[in-house]
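Letters A, B, ... are given to chains in the order of the sequence lines, protein chains preceding strands, and every chain is numbered from 1.
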Amino acid sequence: MTLLDELSALLSAAFAQAGTDAAYGRVKRADRPDLAQFQCNGALAAAKATKQNPRALAGSVVEHLDQAAFADAAIAGPGFINLTLKDDWLSAQIGARAWKRPAPERIVIDYGGPNVAKPLHVGHLRAAIIGESLKRIARAVGDDVTGDAHLGDWGLQMGQLISELELRQPDLIYFDPSAEGPFPSDPPISLKDLEEMYPAASAACKADKDRADLARRATKALQDGRSGYRALWRHFVDLSIAAMKKDYADLGVDFDLWKGESDADPLIPEIGDDLTSRGLLEHSDGAEIIRVAREDDKKEVPPIIFRNSEGAVGYHATDIATIVDRIRTMAPDRMLYVVDARQRLHFEQVFRAVDRAGLFEESRLEHLWFGTMNGKDGKPFKTREGGTLKLRDFIDMVTDKARERLVENGLAEGYGDEETASIARMVGVAALKFADLSNPRTSDYVFDIDRFTSFEGKTGPYLLYARARIRSVLAKADQAGAGGAGDIVVAAPEERDLALALALFGDAVRDAYDKRLPHILCEHAFGLAQSFSKFYAACRVADEADNAVRASRIGLVEATGEQLDAIFDMLGIEAPDRM
RNA sequence: GUCCCCGUAGCUCAGCAGGAUAGAGCAUCAGAUUCCUAAUCUGAGGGCCGCAGGUUCGAAUCCUGCCGGGGACGCCA
């Protein structure tokens, strides 16, 4: 149970005894910290519903309230109940509030979606960062979570690429219709070649209808199993995965599965048959479609193209087949998709289709969409030249900036080149990830490199710095033979504020988990770090003379360090021990 | 055209299961370091919460309309 849950339960009991619905007992942080730590507004709503005087009702609630936890419970204004905890009761909450899910679930989270042959770029950043964090939060609260990269390896872009290569190098053995496999597994195509061919092919198909038809036929041939095409495709996929793994690793993003659209392809024929037998698959303009519109739709929801007029499948069909694959291989309770907001209609369609087909309940499929990361001009982030910025270059950019800042501030000096480089990377990536995660998932936000690398205020580096100081002061205490942590006894206001922040950890985690919003955890982390900084500025720790006070403060510092570590883990942020 | 998201301090953003004096960071101004990392801390100024109605004892929050920005809308993903 979280702290707010426990306080709410106490208030609810009092509301029930006062003769009203216990649901009015919900407690939240006080809007007026000058007056109290917590407040309950339930008396106002309850009085309205039961036509009573709100202040009188609040008075009755307070009379029935179990006072064990409270130093003060006062009625204020029109009927607010202001609550302040006893210091010893508050202190006892620290460390006892790691919230766990009562009934853990098995979850698959899909947060990659990078395309084969296309380098990772800033457009993949948010899915990776948010998805990684949601995965870790879910794990931390007890869910059994599998993260899947779900590569874009089976759609039209593969046909575009293969047809492009065929036009350029028709003499390659892979294109000889009379040749029989097996084909050599090392086509003379490098990752660099792929990255150059992809945009060229895409542009050519856009400009020329005949060229586009060629790509569609190549897609169909690939999907039908033409072995020369398959050999090339395998090579393209392997090259791409190797490059992607490196980029994701540098970001601290780690997938359990590297499956792709193609892995679900073998299931398509039987799914098609099943849909047909259920009467869900219809023919329309030469394509096979599934209608998913509903009577009460406010908007027009177009049907899914299960197979196009060429007979090839696109990402609607592979997404459906992937759901079936996941059901069979993992039997999950829930599937989450961390994919940008523009895909909302797509997932609406897919979820409706699998629900209609009786495959998986729509309510257990969640599209956790996110907004775009924009440049200072308010438009999607681009390089100064207007091109797409590669993820690799982006990481290098923030790392370089972090290194500059370290030098400016005289930090990480004399640590040796290797450690300095490692600190710069962690600081840069932390700045980047915290900037992204501290914005609500659903908002667009402006990524201003100068602002977020300034390292002041609500930033990743501020958090890393707080943690480094915690490490440092604990080390100092240890060296001085200050003894270990003792019972936490809150006395100074800064100690009380820190204790309060620590005790609200469980609520922050639960809230972030329930709403799938990591920024709630970021807010908590920043508030905790701020409370720590204030405490640190006001209270001596390692060299405090009073033994009991010193032991108590060491306990507070240790608890703060442990909680920050837990938060960094859930956010997917790696922290250096010193900086 | 229809639908979706958004509009809060000079800037970037929280808050939106209705409630007290609307918060944070940055920027600006004024302070703090014989002492555990000053990337820190203390204080100040700064707001018709896009506009107009409605519901309510009470609206940044709920409803309607309008204005402005972004996005989606059958064979791309």
Side-chain angles (χ1 to χ4, degrees), chain A residues 26 30-32 34-35 39 41 44-45 48 54 76-80 82 113 115 152 155-157 160 202 205-206 212 215-216 261 284-289 297-310 312 314-316 318-319 339-346 349 369 371-372 374 376 378-380 405-406 408-411 427 435 438-440 442-448 451-452 454-459 461-462 464-466 468-469 471-477 479-480 482 494 519-520 522-523 526-527 530 533-534 536-544 557 578-579:
Chain A
R26 200 168 69 93
D31 291 333
R32 293 280 305 273
D34 53 319
L35 299 179
Q39 69 185 68
N41 299 347
L44 290 158
K48 187 176 183 176
F80 302 107
N82 284 336
N115 281 336
L156 181 66
Q157 81 273 17
Q160 290 178 337
S202 174
C205 290
K206 216 170 187 175
R216 292 176 65 202
E261 294 166 342
S284 171
D285 297 332
E288 292 172 70
I289 65 164
D297 282 338
K298 277 191 184 172
K299 60 190 183 238
E300 193 183 335
V301 181
I304 281 179
I305 309 274
F306 189 77
R307 286 193 184 92
N308 67 20
S309 48
E310 200 70 43
Y315 84 144
H316 284 99
T318 53
D319 272 355
V339 182
D340 82 273
R342 290 173 305 187
Q343 304 294 329
R344 291 179 77 177
L345 179 60
H346 167 72
Q349 291 174 297
W369 53 274
T372 49
N374 294 327
K376 277 190 196 174
K379 291 176 180 164
R405 297 292 177 184
L406 289 170
E408 274 172 29
N409 291 285
L411 287 160
V427 170
S438 59
N439 283 286
T442 53
S443 309
D444 296 342
Y445 76 101
V446 173
F447 191 87
D448 176 343
R451 179 162 63 83
F452 91 94
S454 79
F455 296 175
E456 274 166 23
K458 197 186 272 185
T459 64
Y462 174 88
L464 296 190
Y465 182 64
R469 293 210 291 185
R471 290 280 168 150
S472 177
V473 72
L474 289 175
K476 283 262 161 49
Q479 281 166 21
E494 291 84 3
H519 85 271
I520 292 169
C522 291
E523 280 296 316
F526 181 66
Q530 252 186 337
S533 290
K534 288 172 189 180
Y536 184 85
C539 301
R540 305 300 303 171
V541 179
D543 52 7
E544 165 60 42
V557 174
R578 57 177 192 170
M579 55 195 283

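With contacts defined as side-chain heavy-atom distances shorter than 4.5 Å, the pair C539(A)/E544(A) does not qualify. Side-chain contact between I289(A) and P302(A): absent, with no pair of heavy atoms (C-beta onward) separated by less than 4.5 Å. Looking at S202(A) and Q157(A), their side chains never come closer than 4.5 Å, going by heavy atoms from C-beta outward. No side-chain heavy atom of F80(A) sits less than 4.5 Å from a side-chain heavy atom of L35(A). By the 4.5 Å heavy-atom criterion applied to side chains, M579(A) and L464(A) are counted as neighbours.
Using a 4.0 Å heavy-atom cutoff across all strands shown, G314(A) reaches sugar-phosphate atoms only and no base atom. Residue contacts shown for R578(A) include a base, since a base heavy atom lies under 4.0 Å away. Within the 4.0 angstrom heavy-atom criterion, only backbone atoms of the sugar-phosphate kind lie near G155(A); the bases stay farther away. Base engagement by D285(A) is indicated by at least one non-hydrogen atom pair under 4.0 Å involving a base atom. No contact: A477(A) has no heavy atom under 4.0 Å from any strand. At a threshold of 4.0 angstrom between heavy atoms, the contacts of E261(A) are confined to the sugar-phosphate backbone, with no base atom among them. C522(A) comes within 4.0 angstrom of no nucleic acid atom, judged by non-hydrogen atoms across all strands. Residue L406(A) is classed as a base contact, given a heavy-atom separation below 4.0 Å to a base. Across all strands shown, D34(A) has heavy atoms under 4.0 Å from base atoms, whether or not it also approaches the sugar-phosphate. No engagement by L464(A) is indicated, since no non-hydrogen atom pair under 4.0 Å with the nucleic acid exists. Using a 4.0 Å heavy-atom distance criterion, P440(A) is classed as a sugar-phosphate-only contact.
With rounding to the nearest 0.5 Å, the separation of CG in N308(A) from CG in D285(A) is 12.0 Å. Atom CG in N374(A) sits 12.0 Å away from atom CZ in F447(A) (nearest 0.5 Å).
Across the P atoms, C51(B) and A32(B) are found 42 Å apart, a figure rounded to whole Å. Spacing between G58(B) and G1(B) at atom P, rounded to whole Å, works out to 37 Å. Comparing the C1' positions of C67(B) and C57(B) gives a spacing of 32 Å, expressed to the nearest Å. Across the C1' atoms, U33(B) and G69(B) are found 47 Å apart, a figure rounded to whole Å. A distance of about 10 Å separates the C1' atoms of A14(B) and U8(B), rounded to the whole Å. Comparing the same atom, C1', in U61(B) and in G7(B) gives a spacing of 14 Å after rounding to whole Å. Rounded to a whole angstrom, the distance from the C1' atom of C41(B) to that of G47(B) is 27 Å. Taking the C1' atom of each, C66(B) and A9(B) are spaced 26 Å apart, rounded to whole Å.
Straight-line distance from the OH atom of Y445(A) to the P atom of A24(B): 23 Å, rounded to whole Å. Summarising the geometry, the separation between CG on D319(A) and C1' on C76(B) is reported as 14 Å, rounded to the nearest angstrom. Atom NE2 in H346(A) sits about 14 Å away from atom C1' in C75(B), given to the nearest Å. Taking atom CZ on R469(A) and atom P on C35(B), their separation rounds to 15 Å, with Å as the unit. Regarding I289(A), its CD1 atom lies at a distance of 12 Å from the P atom of G74(B), rounded to whole Å. Atom OH in Y536(A) sits roughly 15 Å away from atom P in U42(B) (whole-Å rounding). If you measure from atom CD of Q160(A) to atom C1' of C75(B), you get 14 Å, rounded to the nearest angstrom. As a whole-Å value, the separation of F526(A) CZ from G23(B) P is 16 Å.
Distance from the side chain of V446(A) is smallest for C13(B) among the nucleotides C13(B), A27(B), A17(B). Nearest to the side-chain atoms of S309(A) among the listed nucleotides C75(B), U42(B), C5(B) stands C75(B). Distances were taken from every side-chain heavy atom of S443(A) (C-beta onward) to each of C26(B), C36(B), A14(B); the shortest belongs to A14(B). For E523(A), whose side chain is taken as the heavy atoms from C-beta onward, the closest listed nucleotide among A77(B), A14(B), C36(B) is A14(B).
A sub-4.0 Å separation between OP1 or OP2 of G15(B) and a side-chain N or O of H519(A) is present. Of the side-chain N and O atoms in K476(A), one or more sit less than 4.0 angstrom from OP1 or OP2 of U37(B). One finds no side-chain N or O of S472(A) lying less than 4.0 angstrom from the OP1 or OP2 phosphate oxygen of C36(B). OP1 or OP2 of C41(B) sits under 4.0 Å from a side-chain N or O of Y462(A).
Between the side chain of R344(A) and the base of C4(B) there is no donor-acceptor pair of N/O atoms closer than 3.5 Å. On a pure distance criterion of 3.5 Å, no polar donor-acceptor pair joins the side chain of N41(A) and the base of A17(B). Between the base of G58(B) and the side chain of K48(A) there is a donor-acceptor pair shorter than 3.5 Å.
A distance-only check finds a donor-acceptor pair linking the side chain of D444(A) to the backbone of T372(A) [under 3.5 Å]. The main-chain N or O of Y536(A) is never found under 3.5 Å from a side-chain atom of E494(A) such that the two would form a donor-acceptor pair.
Both R26(A) and D543(A) sit near RNA chain B, but only R26(A) has its closest nucleotide nearer the 5' end. Nearest-nucleotide positions on RNA chain B place K299(A) closer to the 5' end than the other of A287(A) and K299(A).
For RNA chain B, runs of at least 3 consecutive pairs of the Watson-Crick or G-U wobble type, with both hydrogen-bonding distances under 3.5 angstrom, map to B:1-7 with B:67-73, B:10-13 with B:23-26, B:28-32 with B:40-44, B:50-54 with B:62-66.
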Report task. At under 4.0 Å between heavy atoms, which parts of nucleotides 59-73 of chain B does protein reach? Answer with one letter per nucleotide, 5' to 3': B base, S sugar-phosphate only, - none. Result -> ------------SSS
Report task. Show your working on side-chain contact (heavy atoms from CB on, under 4.5 Å) between K458(A) and Q530(A) and close with a plain yes or no. Result -> CA-CA 9 Å; K458(A) 197 186 272 185; Q530(A) 252 186 337; over 6 Å; no
**Report entry** side-chain contact (heavy atoms from CB on, under 4.5 Å) evaluation trace for N439(A) with H519(A)
**Finding:** CA-CA 6 Å; N439(A) 283 286; H519(A) 85 271; 5.9 Å; no
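Counted within 6.0 Å of CD on E300(A), heavy atoms from surrounding residues, nucleotides or ligands total 12 or fewer; the atom is thus considered open.
Legend: residues meeting ring-ring contact (aromatic ring centres under 6.0 Å, His included) with H346(A), ordered by chain and number and at least two apart, are Y315(A), H316(A).
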